[in-house]
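Just so we're on the same page: letters track the sequence lines, and every chain starts at 1. The structure presented is a predicted model; accordingly, all values stated were derived computationally and were not measured.
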Number of protein chains: 2
Amino acid sequence: MDKLPLHISISSDLYTKNPESSVLGQKIVSKSIEMIDALGFEDFTFKKLGVEIGSNESSVYRYFESKHALLVYLINWYWSWIEYKLVFSTLNVPSANERLTKAIFIVTAEVTEDNAFSYINEVLLNKIIVSESSKAYHTKAIDDENKKGYYKTYKRVVQRISDLVLELNPSYEFPHMLISTVIEGAHHQRYFSKHLPSLTDFEEGKNNIVRFYENLVFKALAKK
Amino acid sequence: MDKLPLHISISSDLYTKNPESSVLGQKIVSKSIEMIDALGFEDFTFKKLGVEIGSNESSVYRYFESKHALLVYLINWYWSWIEYKLVFSTLNVPSANERLTKAIFIVTAEVTEDNAFSYINEVLLNKIIVSESSKAYHTKAIDDENKKGYYKTYKRVVQRISDLVLELNPSYEFPHMLISTVIEGAHHQRYFSKHLPSLTDFEEGKNNIVRFYENLVFKALAKK
DNA sequence: TTACTTATAATAGTAATACTATTATATTTG
DNA sequence: CAAATATAATAGTATTACTATTATAAGTAA
């Protein structure tokens with residue numbers, strides 16, 4: 001499934017010029033992923049990116065109006081990709097219980113396999129989501145950006161999984177809170193496990209993050 | 001309880017000169033809280049702060065070596081304050097169940113009352129924690145800073161509540177994950193409720209955030 | 001092939017940021 | 001009153017996150 005050369009298309013509101021449309025654009029996206037992962041979002045600049053891709057700062061601005069806009073683009077690409085994985089892995093699975101289990105796995109497990117067909121390294125992109133994505137929406141411009149559709153892919157993923165929750169337990173009061181808590185929580189736990197381990201109960205190779213959230217969700221949904 | 005003129009002392013590793021030790025220092029702290037809340041952390045600068053407190057940028061640097069350091073100081077002050085509230089509100093409460101309920105309330109409820117005895121506005125500080133605190137630890141310097149004790153107050157709060165969890169259910173596998181998920185999650189839900197409401201099931205005046213996390217925790221801990 | 005269009009690169013410049021360093025002037029304390 | 005300390009003012013720096021302009025290269029249509 002991961003090996004499909006799937007094509008992810010991103011709303012044109014999220015770029016100035018479509019980076020898919022040229023070799024330079026693709027290099028901007030793939031190199032920026034490597035560099036944001038390596039340097040962190042703060043120390044990443046279009047100037048440094050220009051040097052790495054053998055081009056110029058000003059050329060990067062023709063694709064993205066700011067580095068914030070580039071981060072938002074990457075985040076949307078990521079959630080589109082997750083959405084594909086969700087749809088494929090739950091297709092033709094009759095049991096709602098099993099579909100929800102698969103969905104939880106997709107959003108809480110570490111991404112370890114890169115889809116070699118694309119110029120986007122999903123392993124690094126997942127690391128960026130874990131470490132940097134909260135900076136995209138913790139901004140004073142959030143309300144304007146939300147209106148422009150900057151976060152709609154993420155919201156759609158949450159909605160999809162919330163629908164599975166309601167299928168299993170139609171009277172559950174907090175499906176969106178449950179799923180956004182699981183998604184954001186899993187990212188935090190991955191980050192904490194590496195940097196502030198006393199905030200977690202992470203143990204290498206024991207899948208504790210996935211198991212914890214699976215357990216949390218199914219207990220929350222169980223009817224007494 | 002909230003009205004006690006309690007004194008919160010902050011480790012000297014978290015400032016260059018103790019802001020409590022002078023009127024200027026106190027003004028720096030109280031005004032920076034107002035300004036970070038109003039402008040957001042990115043647009044807040046020591047220069048603007050200097051103007052507001054009728055002093056100079058360079059004077060602020062004598063108290064905090066950077067605006068990041070100031071944010072870390074505020075975060076630690078906040079968690080020390082929460083720790084006080086936790087200790088007081090669970091003192092002499094015999095039932096472990098009730099103590100955990102109170103603890104969850106303290107970390108998930110909105111802060112609406114300001115302790116007028118202090119120069120720190122806890123309502124605004126809570127808003128800063130919700131909107132800005134993740135920027136403090138999502139930095140490439142996290143490991144160094146963690147070694148220097150920048151996050152120890154927060155870790156202590158998580159540890160305290162995790163201990164309550166284990167008291168109620170000693171065989172529960174993920175007490176730290178559960179509590180850090182609840183705390184971070186509640187902050188996210190408060191933020192989402194204002195800016196990305198479709199990620200929540202927030203309804204004004206229905207206490208859904210507190211109820212959701214209370215429900216989540218007690219169901220997770222229930223033994224079948 | 002030429003002319004036109006479009007993409008890219010190079011250069012320069014700007015206001016602001018996040019500081020550092022130095023000196024001058026108050027204020028406190030011994 | 002002198003000495004020490006705190007604060008304020010001034011200036012300066014490297015870098016950032018851009019914008020604007022021009023030059024050059026490549027692709028395409030007549």
Side-chain angles (χ1 to χ4, degrees), chain A residues 12 14-32 35-36 38-74 119 132 135-136 138-141 144-145 150, chain B residues 12 14-32 35-36 38-74 119 132 135-136 138-141 144-145 150:
Chain A
S12 63
L14 296 170
Y15 49 74
T16 307
K17 178 186 164 130
N18 191 348
E20 283 186 282
S21 70
S22 73
V23 175
L24 181 65
Q26 295 179 16
K27 268 162 84 178
I28 286 171
V29 170
S30 67
K31 202 72 195 180
S32 69
M35 291 182 78
I36 293 172
L39 305 175
F41 187 64
E42 284 74 19
D43 290 349
F44 165 78
T45 69
F46 281 2
K47 193 166 195 175
K48 291 176 187 169
L49 176 62
V51 172
E52 286 287 313
I53 60 177
S55 177
N56 197 274
E57 199 185 1
S58 57
S59 305
V60 180
Y61 278 100
R62 304 186 72 255
Y63 290 84
F64 296 101
E65 66 182 28
S66 64
K67 75 175 189 172
H68 173 76
L70 170 56
L71 180 61
V72 170
Y73 177 90
L74 295 178
Y119 56 92
E132 315 290 348
K135 294 167 192 171
H138 281 125
T139 170
K140 282 281 162 183
D144 278 349
E145 295 188 350
Y150 280 28
Chain B
S12 63
L14 296 170
Y15 49 74
T16 307
K17 176 184 165 131
N18 191 347
E20 283 186 280
S21 70
S22 73
V23 175
L24 182 66
Q26 294 178 16
K27 268 161 83 178
I28 287 171
V29 170
S30 67
K31 202 73 195 178
S32 70
M35 291 182 77
I36 293 172
L39 305 176
F41 187 64
E42 284 73 20
D43 290 349
F44 164 77
T45 69
F46 280 2
K47 193 166 194 173
K48 291 176 188 169
L49 176 62
V51 172
E52 285 287 313
I53 59 177
S55 177
N56 198 273
E57 200 186 0
S58 57
S59 306
V60 181
Y61 278 101
R62 306 185 72 254
Y63 290 84
F64 296 101
E65 67 183 27
S66 65
K67 75 175 189 172
H68 173 76
L70 170 57
L71 181 61
V72 170
Y73 177 91
L74 295 179
Y119 56 92
E132 315 290 348
K135 295 168 191 170
H138 281 125
T139 169
K140 282 281 163 185
D144 278 350
E145 296 188 348
Y150 280 27

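- Contact check, A:S22 against C:dT8: a side-chain N or O comes under 4.0 Å of OP1 or OP2.
- Distance A:E57 CD to D:dT16 C1': 9 Å, rounded to the nearest Å.
- Atom pair B:L24:CG and C:dA26:P shows a separation of 17 Å (rounding to whole Å applied).
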Evaluate the side-chain contact (heavy atoms from CB on, under 4.5 Å) criterion for residues B:V60 and B:K67: first the C-alpha distance (whole Å), next the side-chain angles of each, then the deciding distance (0.1 Å), finally the verdict. CA-CA 9 Å; B:V60 181; B:K67 75 175 189 172; over 6 Å; no

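- Residue A:K47 contributes atom NZ, which lies 19 Å from atom P of C:dT17 at whole-angstrom precision.
- One atom, OH of A:Y61, and another, P of C:dG13, lie 18 Å apart when rounded to the nearest Å.
- The base of D:dA9 sits within donor-acceptor range of the side chain of B:S58, with an N or O pair under 3.5 Å.
- When the C1' atom of D:dT15 is taken as reference, atom CZ of A:F44 falls 16 Å away, rounded to whole Å.
- Within the nucleic acid shown, B:K17 comes within 4.0 Å of sugar-phosphate atoms alone, with no base atom in reach, counting heavy atoms only.
- Of all the heavy atoms in B:L71 and B:E132, the pair that sits closest is CD2-O, 4.0 Å.
- Rounded to whole Å, the distance from CG on A:D43 to C1' on D:dA17 is 14 Å.
- Atom-to-atom, OH of A:Y63 to P of C:dT8 comes out at 3 Å; the value is rounded to the nearest Å.
- The side-chain heavy atoms of B:F64 and B:S32, taken from C-beta on, include no pair separated by under 4.5 Å.
- Within 4.0 Å of A:S59, counting heavy atoms only, lies at least one base atom of the nucleic acid.
- Taking atom CZ on B:R62 and atom P on C:dC19, their separation rounds to 17 Å, with Å as the unit.
- Checked for salt-bridge contact, B:K135 and B:E42 meet the test: a charged N lies under 4.0 Å from a carboxylate O.
- At the heavy-atom level, B:K67 lies under 4.0 Å from the strands shown only through sugar-phosphate atoms.
- Closest approach to the B:N56 side chain among D:dT10, C:dA9, D:dT7 is made by D:dT10 (side chain taken as heavy atoms from C-beta onward).
- Among the heavy atoms of the strands, none lies under 4.0 Å from B:F64.
- For C:dC19, the base has no donor-acceptor partner in the side chain of B:E65 [N/O atoms by modelled type, under 3.5 angstrom].
- Within a 6.0 Å sphere centred on CD of A:E20, other residues, nucleotides and ligands contribute more than 12 heavy atoms.
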